[in-house]
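Side chains are part of it too, since the values below use all heavy atoms of this structure and drop only hydrogens, waters and symmetry mates. No experiment lies behind these values; they were computed from the predicted model shown. Atoms within a ligand are numbered from 1 in the order they appear, just like the ligands themselves.
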Amino acid sequence: MRVIRTCRRMGIATVVVYSEADAGSLAVEMADEAVAIGPAPAAQSYLVAEKIIDACRQTGAEAVHPGFGFLSERADFARACADAGIVFIGPNPHAIEAMGDKIASKRFAAGAGVSCVPGHIGEIDGPAHAAEIAQAIGYPVMLKASAGGGGKGIRVVRQATEIGEALSGVKAEARGAFGDDRVFIEKFIENPRHVEIQVLGDKHGHVVHLFERECSIQRRNQKVIEEAPSPLLDAETRAAMGAQAVALAQAVGYDSAGTVEFVAGQDRSFYFLEMNTRLQVEHPVTELITGLDLVEQMIRVAAGEPLAFGQDDLAIKGWAIESRLYAEDPYRGFLPSIGRLVRYAAPEEGPRGEGIVRVDSGVREGDEISMFYDPMIAKLATWGATRQGAIETMAEALEDLHIEGVGHNASFLSAVMDQHRFQSGRLSTGYIGEEFPDGFHGLTPSDAQVDVMTAAALAMQRVQARRNGRSHAVLRSPRARDEWVVVLGERKRRVRIADVAPELVVELLDEDRVLRLEGVDWAPGRALLRATLDGTPFVAEVAPAAEGFVIRHRAARARVLVLTPVSAELHGRLPPRKAADTSRQVVSPMPGLVVSIDVATGDEVKAGQTICVIEAMKMQNIIRAERDGVIKQLNVGPGDSVGADEVLAEFA
Ligand code: ADP
Ligand code: ADP
Ligand code: MG
């Protein structure tokens, strides 16, 4: 999608290749031509170089942009393109080979004088070798797939007893995702920040850097929020990091856009992690602060043009932030969520207040988020003259987002934008674990947010009452018309309301305050309600629920009931319904594919023991026993696909 956009602007015709799962996708619709290349699993379509080259021959395409995933870091694919007389829009195969593999690139970087993470720069043979090396480096260590990317094939190991299982897990994940299970070990740097340098080279020996991005907000080593520049760096560190990245790129003859990743200490020490020899998912933030289009630069360089600027022509303008909108349910431990996007409305692109909003998305309403590829729905990026401005615009853009049908992390992203720690730039890759130690449950609404939710619920209730023609029977009696009880979580508020057009005045009877609501823009069935409360405009995402509404405002979400004083008296007196007893069952927490079953019928298992491994969206999830017991029955086997909440095994 990203590439199609740039090509359109440059007047270049596009052909996309697609798997069966993507036949109805937006990319297929937007491209000038589209070629089907096989079944949904990537190994049978997107990862088959020959099929892509055939598609080029068939359509007469002159060049291939490989995007961020799949074949983008495969030197043999770049070579196969060259052999077929097709331009590969990316670096030369030698650079991919030297940098595209983590073990090889570390050896190379160490040779080029770049500071590297202490560790063993070589392949691990087996569990005994791993234990020996980890002991020598000192725990904690990190196991990494040499071919890894996108946070897959990485595991932190804190003690010797865990290393065997971690090694086989990383190997299995790497085999599945990259078809290459070589693993190495390095020291795990505690409390680090992820800072990376964007480099750009041409075929004439010029290399510049386009400053840094900070990507410390990660979950499971996968980036969630990125920004440029980094709040950590000062001008001196920026120059030193940039110079190392450029030196590395120059040493390897780098001739495209690429990223040199570092882990940095809070003291601004930094160590080389890896080089990604492709366009990076988070490239929009760099584009927003430099005004360059990186895809256009890649195309120009691939066509043999020299860079039109030098390092001194480049400067950082303002601040940019990107949020990755994932199909994962933050309220259920961020489990991948798949399904149809029943509703999908993204914020409007372009200037917004003092800032700018950009949306990169490959989906539209009605599309399916499948289990076959990454769980990313869209990326929202915002620009501001200052970091605070970019954060504020992001918080607003997230409010304008509305999704139904799949779980998504928008409220989580909003929560981070609202956090004081994030706003003050005290980041670390441990941020999410530290700030949300028990997972994410939505934020408790602040007092101001409770006011917004109260007002929104009352406004909707009145709109509905008017529609239902209850204006006479119900609204005539002064008491019934005026007094209500709004229940929001544990809170009950008695209110009296008066329509003083164009305002709705809400008197909070126990607090001796009034709320003034104006300009309500909402109708039944609409998911976003806009209005102004006490002079401040707001947006709330709303959905009807029994007797009331579910309202999300920023990161806070609550069920809000509007009751008459009489029903409010009764409310909360009935005991909650008892949940079904599932303690004898092992259920799948998400839809996916069973990779292995690690127990047999009749086995005695201990709490914490692995029952089976389920793969969804390229992540292997180990399902463990939650209690001790004997396995009475297994309902699934390797290769089966399972649904969310499906019973996998039963205890006696
Ligand atoms: P990194 O964490 O190495 O910086 P990114 O976060 O930029 O990587 O994500 C890119 C990685 O994710 C690639 O290495 C690729 O394997 C994977 N990837 C990205 N997008 C897709 C996609 N749409 N389908 C499959 N894999 C993808
Ligand atoms: P990928 O190719 O999947 O992006 P990386 O090597 O870039 O793999 O690592 C991904 C993330 O894991 C980094 O952004 C960083 O947060 C964390 N990480 C990687 N190596 C280390 C390390 N040695 N110590 C601490 N954190 C690390
Ligand atoms: Mg990385």
Original post:
Less than 3.5 Å between some nitrogen or oxygen of Val117 and one of ligand 2, yes or no?
Top reply: no
Original post:
Can you check whether Glu274 has an N/O within less than 3.5 Å of an N/O in ligand 2?
Top reply: yes
Original post:
Just wondering, do Met275 and Val199 contact through their side chains at under 4.5 Å, heavy atoms?
Top reply: yes
Original post:
Are side-chain heavy atoms of Glu328 and Leu335 found at a separation under 4.5 Å?
Top reply: no
Where ligand 2 meets [X] - atom numbers and elements under 4.0 angstrom, heavy-atom basis:
{"X": "Gly148", "result": "2 (O)"}
{"X": "Glu261", "result": "4 (O), 7 (O)"}
{"X": "His194", "result": "13 (C), 14 (O)"}
{"X": "Ile154", "result": "3 (O), 8 (O), 9 (O), 10 (C)"}
{"X": "Glu186", "result": "20 (N), 21 (C), 22 (C), 23 (N)"}
{"X": "Lys187", "result": "22 (C), 23 (N), 24 (N)"}
{"X": "Thr429", "result": "16 (O)"}
{"X": "Gln218", "result": "11 (C), 13 (C), 14 (O), 15 (C), 16 (O)"}

Original post:
Is a salt bridge present between Lys223 and Glu322, judged by a nitrogen-to-oxygen distance below 4.0 Å?
Top reply: no
Original post:
Charged N to carboxylate O below 4.0 Å: is that the case for Asp234 and Arg268?
Top reply: yes
Subject >> For the Mg ion (ligand 3), the closest N/O/S atom belonging to Glu274 >> reply: OE2
Original post:
Taking the N/O/S atoms of Glu261 one by one, which is nearest to the Mg ion (ligand 3)?
Top reply: OE1
Original post:
Can you tell which part of Lys223 has a heavy atom less than 4.0 Å from ligand 2: side chain, backbone, both or neither?
Top reply: neither
**OP:** Kindly state each residue pair satisfying ring pair (Phe, Tyr, Trp, His ring centres under 6.0 Å) with at least one member in residues 263-282, sequence neighbours excluded.
**Re:** Phe262-Phe270
**OP:** Mind checking the NE2-CZ spacing from His283 to Arg278? Nearest 0.5 Å is all I need.
**Re:** 11.5 Å
**OP:** Check whether any heavy atom of Lys102 sits under 4.0 Å from an atom of ligand 2.
**Re:** yes
Original post:
Nearest heavy-atom pair of Leu294 and Arg2: which atoms, and what distance?
Top reply: N-NH2, 4.2 Å
